[in-house]
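The block underneath contains the structure these notes are about, expressed in structure tokens.
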Amino acid sequence: MTGSDQIVERKDDEIRSPSRPRTGPTVVAIAPGRVNLIGDHTDYTGGLVMPMAVDLATTITGTPGGDWVQLSSEQEAVATRVPLTVDDASAATPAWGRYIAGVVAVLHPSIGFSGHVSSTVPYAAGLSSSAALEVALALALGFSGSPLELAQLCQRAENLGSGVPSGIMDQLASAAGVEGHALLIDCFTFEVTPCPLPDGEVEVIVIHSGQERTLWESAYAERTMQCAQAEQAIGGPLRTASISEVDGIPDPIVRARALHVVTENARVRSFATALQAGEWRAAGALMVESHQSLRNDYEVSTPALDQLVSLLMVAPGVHGARLTGAGFGGCVVALCEPGALDPESFDQAWRVRPSAGARLL
Ligand code: GLA
């Protein structure tokens, strides 16, 4: 998708906003959430990740006009109203308005927007509800450019709104999703390589641990600092570091964080090879190793996530499972034989399919 080949079809009927004049045609923008199959806590050091956009998405429907970006939401009790000039996006209220303010602060739209947000992406579950919101909003506000440019803009919006130095994975997966494919992303070159996940051969199930979390309440920023310390100790990027360089890091905690990153990058590479060969069991085994590394070396798992992964590892037809996203709560992702797991048998679980990226409808 590029700015010129995005399909822009604006409907003639206008929605009514109680406080806004009816100023233009209705805009409908949709952006998917994502699940990460493998490669967590590697994007902010320019490493490798393998997410897929999912068929859970955020839709913004509204009308351009006025001097404010004002949005109501099915999921939120209080609507948000952001002026076109934003000083501090992280100070916006209610809390979900931080992401709206972040997008407005980086996109600088010349006119406002009144609309409504509806979403099937669960909030604070690690499925990138905030990225889906930012990406859908940027499109609704008239962004035009490549999926990478859209993702970069929305990553800056997320960083400003949340105050957390998160990487580009979530926004790029939402912007650049490809139907039927996971995305191997090199977060240094931004090269995106779609890898097929054939329907009927393999299935992806996401299961909520029951623990909600937001990045700004987590130790995410501390982990990014520990990676920076590791790079300082090594004298070069973690992206190209060897295990023997990692072994030489004096601080044991920083060393363990670096070990996760270096081994995780290698696992993503092997995972991509396994997917291309249709070796689902080998791919699943790498997911379990990734979980163990995130638990032991990166220390972002929780007892609830560990318990779910243990349960899934012994379930027939499950190739592998791991926590997905930042951790500290949220969801587990499982790669399975079709029909092996019934989402209905968990409190909150979804069978997700690799989906196309964000677009205007
Ligand atoms: C969050 C961040 C991403 C990435 C993951 C961990 O989802 O937004 O940039 O760092 O955590 O892999």
Side-chain angles (χ1 to χ4, degrees), residues 31-54 56 98-99 102-103 121-135 148 150-177 182-188 190 192 206 208-209 211-228 238-239 257 260-265 267-268 271 287 290-291 293-295 297-302 305 322-333:
R34 66 96 188 94
V35 65
N36 191 23
L37 298 178
I38 196 162
D40 271 312
H41 291 282
T42 49
D43 60 349
Y44 46 82
T45 46
L48 301 174
V49 296
M50 178 72 92
M52 61 184 224
V54 295
L56 300 167
R98 296 173 177 204
Y99 302 115
V103 173
V121 188
Y123 170 74
L127 295 180
S128 300
S129 57
S130 57
L133 179 61
E134 293 145 10
V135 171
L148 175 60
L150 174 60
Q152 286 171 324
L153 180 133
C154 291
Q155 180 196 6
R156 286 203 302 280
E158 168 96 28
N159 295 164
L160 283 179
S162 67
V164 175
S166 48
I168 197 161
M169 170 171 69
D170 307 349
Q171 290 79 13
L172 191 49
S174 180
L183 308 174
L184 171 62
I185 303 176
D186 180 325
C187 298
F188 184 67
F190 301 120
V192 178
V206 178
H208 203 301
S209 67
Q211 281 178 297
E212 287 195 350
R213 63 109 191 93
T214 57
L215 288 190
W216 64 66
E217 291 158 345
S218 77
Y220 186 98
E222 185 192 69
R223 293 295 183 278
T224 65
M225 268 161 18
Q226 290 165 336
C227 285
L238 278 174
R239 178 171 45 82
R257 306 299 188 242
H260 164 72
V261 175
V262 171
T263 57
E264 186 79 344
N265 283 332
R267 280 185 289 271
V268 178
F271 188 86
M287 292 172 76
S290 166
H291 181 82
S293 177
L294 287 161
R295 181 190 62 201
D297 292 332
Y298 220 69
E299 294 188 274
V300 293
S301 191
T302 65
L305 291 166
R322 60 187 285 282
L323 72 82
T324 183
F328 311 106
C331 288
V332 157
V333 60

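Remember, it's 1-based here, ligands and their atoms both numbered in the order they're listed. Quantities reported herein were computed from a predicted structural model and do not represent experimental measurements. Count residues from 1 along the sequence.
An N or O contact shorter than 3.5 Å links Tyr220 to ligand 1 by distance. Residue His41 has at least one nitrogen or oxygen atom sitting less than 3.5 Å from a nitrogen or oxygen atom of ligand 1, judged on distance alone. For Asp170, a nitrogen or oxygen atom sits less than 3.5 Å from a nitrogen or oxygen atom of ligand 1, counting backbone and side chain alike.
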Could you walk me through whether Glu134 and Leu153 pass side-chain contact (heavy atoms from CB on, under 4.5 Å), step by step? CA-CA 9 Å; Glu134 293 145 10; Leu153 180 133; over 6 Å; no
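Between Arg257 and Glu299 there is a salt bridge, since at least one side-chain N of the basic residue sits less than 4.0 Å from a carboxylate O of the acidic one.
Close contacts between ligand 1 and Met169 involve ligand atoms 4 (C), 5 (C), 12 (O) [criterion: under 4.0 Å to a heavy atom]. Remark: ligand 1 atoms within the under-4.0 Å shell around heavy atoms of Asp43 are 3 (C), 4 (C), 9 (O), 10 (O). Near Tyr44, meaning under 4.0 Å from any of its heavy atoms, are these atoms of ligand 1: 10 (O). Residue Gly167 approaches ligand 1 through these ligand atoms, each under 4.0 Å from one of its heavy atoms: 9 (O).
Considering only residues two or more places apart in sequence or on other chains, Thr42 meets the side-chain hydrogen bond (donor to acceptor under 3.5 Å, both in side chains) condition with none of them. Under the rule for a ring-ring contact (aromatic ring centres under 6.0 Å, His included), His291 has no partner lying at least two apart in sequence or in another chain.
The aromatic rings of Tyr220 and His41 are tilted relative to each other, their planes meeting at an angle between 30° and 60°. The aromatic rings of His260 and Tyr298 sit tilted relative to each other, their planes meeting at an angle between 30° and 60°.
In this structure, Arg34 has a heavy atom closer than 4.0 Å to ligand 1.
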